[in-house]
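Working notes for the structure below.
Chain letters run A, B, ... following the sequence lines, proteins first and then strands; every chain starts at 1.
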Number of protein chains: 2
Amino acid sequence: MGLLDVFRASRKKAGSASLAKERLQILVAHDRAFRNRPSYLPKLQQEILAVIRKYVEVDMDAVSVNYEQDETQEILELNIVLPDSGGRG
Amino acid sequence: MGLLDVFRASRKKAGSASLAKERLQILVAHDRAFRNRPSYLPKLQQEILAVIRKYVEVDMDAVSVNYEQDETQEILELNIVLPDSGGRG
């Protein structure tokens, strides 16, 4: 479906402004066939962040979260600017 | 930066073909300022999958993985078709 191409092209365009920054961007999209079920994306977000923090230092001030929901889908976006000191090893 | 808009538009277009399917799509993009460090995205992928499996049944045959890497960034894409039986509750 070419989503990855779109994603990549969009990032290439934006990239020049943020050179040499360690940055993680995570998108989770959930197509929901069963709308009556409660969403688990907000919980999932917390757990994904916990997993990421095993690998890199994440300052919670450097995390921006975007969550959208409509009748058939939810999209969760996490943008994380990583400290220059880098990974946990 | 409008990435979410691009993502959403792309999904809307593709959506009509796959109505009423439970589906999760996860993109992890890592802008790497320090290229000499080993990548942790493949390990991260395993752990994110493990987290997701706490919430929904995931048939490993229903997971498609795409991984790309160039000098300055890595992108990991997971596409998961969820069983119609739905969540773990």
Discussion item. Does either side chain, that of E22(B) or that of H30(A), offer a donor lying less than 3.5 Å from an acceptor on the other one?
Written reply: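 Yes, H30(A) and E22(B) have a side-chain donor paired with an acceptor closer than 3.5 Å.
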Item to complete: Please list, chain by chain and in numerical order, all residues satisfying side-chain hydrogen bond (donor to acceptor under 3.5 Å, both in side chains) with Q45(B), sequence neighbours excluded.
Response: none
Practice prompt. Working to the nearest 0.5 Å, report the span between CD of E47(B) and OH of Y55(A).
Written response: 3.5 Å
Worksheet entry | Gap between atom CD1 of I52(A) and atom CD1 of I48(B) - 0.5 Å precision |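 That separation rounds to 5.5 Å.
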Worksheet item: How about I26(A) and L27(B): do any of their side-chain heavy atoms sit closer than 4.5 Å?
Response: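 Answer no - side chains too far apart.
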Fill in: Check against side-chain contact (heavy atoms from CB on, under 4.5 Å), L24(A) and L41(B)
CA-CA 10 Å; L24(A) 266 181; L41(B) 247 60; 4.3 Å; yes
Discussion item. Tell me whether L76(A) shares a hydrophobic cluster with V81(A), the cluster being built from Ile, Leu, Val, Met, Phe, Trp, Tyr side chains joined at under 4.5 Å.
Written reply: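 The answer is no; the residues belong to distinct hydrophobic clusters.
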Worksheet entry | Residue part contacting chain A, namely of I80(B), when any heavy atom lies under 4.5 Å | neither
